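Some notes on the structure that comes next.
Note that the structure is predicted; figures quoted are calculated from it, not measured. Letters A, B, ... mirror the listed sequences (proteins, then strands); counts begin at 1. Quick note: numbers below take in every heavy atom, side chains included, and nothing from hydrogens, waters or symmetry partners.
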Amino acid sequence: MKAYFALNGQILYWTLVAPFRGQPFKLGEVFHQMVLIGTRALPMAALTAFSIGLTMAMQGASALKQMGGESYVPDLVTLSLLRELGPLIVAVIVIGRSGSAVTAELGTMKVSEEIEALQVMAINPIRFLIVPRFLAMMVMLPVLTIFGDCVGMVGGWSICHFALDMDTSAYIFRCVSRPEPWDLYSGLIKSVVFAWLVITIACHMGLGVEGGAEGVGQATTGSVVWSLLIMLIANAIMTALFFFT
Amino acid sequence: MNAAEPVIEVNDLVREFHGRRVLNGLSFKVMKGDTMIIMGGSGCGKSTLLRHIIGAMKPTSGSIKLFGEEITGMNEKELAHIRRRFGMLFQSGALLQSLTVGENVALPIVEHGQLDASIVDLMVKMKLEMVGLTGFEHLKPAEISGGMKKRVGLARALALDPELLFSDEPTAGLDPIMVSVVDILTQEMTRKLGVTAVVVTHDMTSAFRIGTRMIMLGTGPNQGKIIATGTPEEIRASTHGEVQQFINGEPDGPVPLRLSKGDYVERLLGHPASSRNSYSA
């Protein structure tokens, strides 16, 4: 626990302070990690978001039909995507894809003495390895969330248009006019918090690996389990703060 | 620095892991220009000792001075300063798998200097030429053999022309020709450039070829203690049974091949054999 908070402090130092003291991180590596963490996750995030939007619209339609409120399906889809489901499912995808990969990669580097070699060469592993991954995650998770929100709305549209005979322009109008700005912002705040939690937990687990391939496996599992758990708790707390007080 | 000043000074170094003393009161000095060989059987604490000297581990007690500065109490920033003055060759090479061979060698040069890319390129080529690996710059570490990785590791350790070179088992896993190449490289560094080297090895041919000073760590009851120290000639002439057994590679001696019957039974049962009577009672 202490080590985890120490890592957070070090990340902040090497991201915000050290670059102004002549010890910058590698910008090229940040972009490289953004491709690995963000761009490569696009198909998976799109598929999941589309299917969630689709199923939400179907569930919403069947429930609202009984009250004659089918026209409210776009509102339901949009609001739940922006506030809850968008940030949540995208974070789950990224935990499974990138959180685990970061832990496994750092863990393998730890086991094969690569991190020790960096230290002996007087190259700080936090600056060299962690900061690029941290920044990439902080940028790409919110971006993926916005992308997921949009694709999810397309999923909702496919039901509204083909099954409920709703006009496309009417659907778009409802999607755009119904949500308040705060609905979007609250979701984005969530995704920034998730990004922080996911990448710091993944790095912490990876750097803490002991004892060979088995250790790497355990740390990777631990990284996914803890990230999911902490993220869900954080989500509940934020929802309570944003919408329930 | 004066030639008579020690580059490394270790005093009464103790390290315990879970109550087991792995290093037990080690004291020695390494003078400038020396090639210090640290030898000893498997598990005697050679690598642990090396990790303490490079500051990767903190001792339970005792002091370690590098270039006259106490490193045991240093923080990462101060250590980083000292670390720029030495290079280290890891047992497995410890190359970054995500970078090519050339990028690995270039890493310390790029990170610690503002040199033009063409000069860095030239330096990398020179260092790789030195270890006989010209033309391998663009391969990944996963695509070259274990011996080649070690040589790239050596090139990387020498990239910044260090004053002090640490080698952890530099010749293990190399063919006899490459062993002498690595030995000659180390010798050239120390004799021509005045570099100080600390080499952990249990390859006796190589140890006696390059060593100017040697220490030997004991195993068993002498765990973590220096049982012999001196020049290669003095070590060769040592009357210590464990030293003779080690340098001649004999299977049996003070380090027993098999346990005595009594000891064997005691280890199996967890108590001396005589108390076996209690079972029959």
Side-chain angles (χ1 to χ4, degrees), chain A residues 3 6-7 9-11 13-14 17-19 21-33 35-37 98 101-133 136 206-207 209-213 216, chain B residues 17 47 50-57 66 71 74-99 103-114 141-142 146 149-150 152-154 156-160 162 164-169:
Chain A
L7 176 70
Q10 279 178 305
I11 291 175
Y13 172 80
W14 287 102
V17 183
R21 292 186 178 178
Q23 291 181 301
F25 49 83
K26 285 254 163 47
L27 206 57
E29 182 61 16
V30 177
F31 285 112
H32 177 65
Q33 290 296 330
V35 171
L36 293 182
I37 290 175
S98 313
V102 165
T103 305
E105 193 186 0
L106 292 175
T108 310
M109 294 182 80
K110 174 93 189 292
V111 170
S112 58
E113 296 180 320
E114 286 179 40
I115 290 181
E116 199 179 326
L118 282 176
Q119 283 171 331
V120 170
M121 284 189 280
I123 298 171
N124 188 292
I126 305 288
R127 173 175 69 84
F128 192 78
L129 296 172
I130 309 294
V131 169
R133 287 166 173 77
L207 292 176
V209 165
E210 305 260 332
V216 175
Chain B
F17 286 111
S47 294
L50 201 58
R51 291 213 149 73
H52 280 89
I53 302 177
I54 61 172
M57 286 181 171
L66 284 188
I71 63 156
M74 278 188 180
N75 60 28
E76 278 298 316
K77 209 171 170 183
E78 293 166 319
L79 267 177
H81 209 69
I82 290 273
R83 280 169 170 165
R84 287 179 198 198
R85 298 173 66 181
F86 66 71
M88 161 118 185
L89 168 58
F90 283 82
Q91 199 167 351
S92 58
L95 303 177
L96 298 188
Q97 301 289 329
S98 55
L99 303 180
E103 286 167 341
N104 262 293
V105 179
L107 191 59
I109 308 174
V110 173
E111 290 291 322
H112 296 314
Q114 272 89 40
K149 277 183 207 164
K150 204 161 264 187
V152 177
L154 183 62
R156 187 177 69 180
L158 300 178
L160 289 179
L164 176 58
L165 174 70
F166 294 103
S167 299
D168 192 2
E169 310 262 1

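Contact count versus chain A (heavy atoms, under 4.5 Å) is highest, among B:M88, B:Q97, B:R84, for B:Q97.
Of the atoms belonging to B:I82, not a single heavy atom falls under 4.5 Å from chain A. Contact annotation for B:H112: only side-chain heavy atoms (C-beta onward) come within less than 4.5 Å of a heavy atom of chain A. Contacts between B:I54 and chain A at a heavy-atom distance below 4.5 Å involve the side chain alone, from C-beta outward. Neither the backbone nor the side chain of A:I115 comes within contact range of chain B; no heavy atom of the residue lies under 4.5 Å from a heavy atom of that chain. For A:M121, the parts lying near chain B are the backbone and the side chain together; criterion is any non-hydrogen pair under 4.5 Å.
Here the side chain of A:R133 pairs no donor or acceptor atom with the backbone of A:I37 at under 3.5 angstrom. Looking at A:H32, its side chain never comes within 3.5 Å of a backbone N or O of A:P132 through a donor-acceptor pair.
Between A:Q119 and A:P125 there is a side-chain heavy-atom pair separated by less than 4.5 Å. A 4.5 Å side-chain heavy-atom check between B:F86 and B:F166 finds at least one atom pair inside the cut-off. You'll find the side chain of B:E111 reaches within 4.5 Å of the side chain of A:R127, heavy atoms only.
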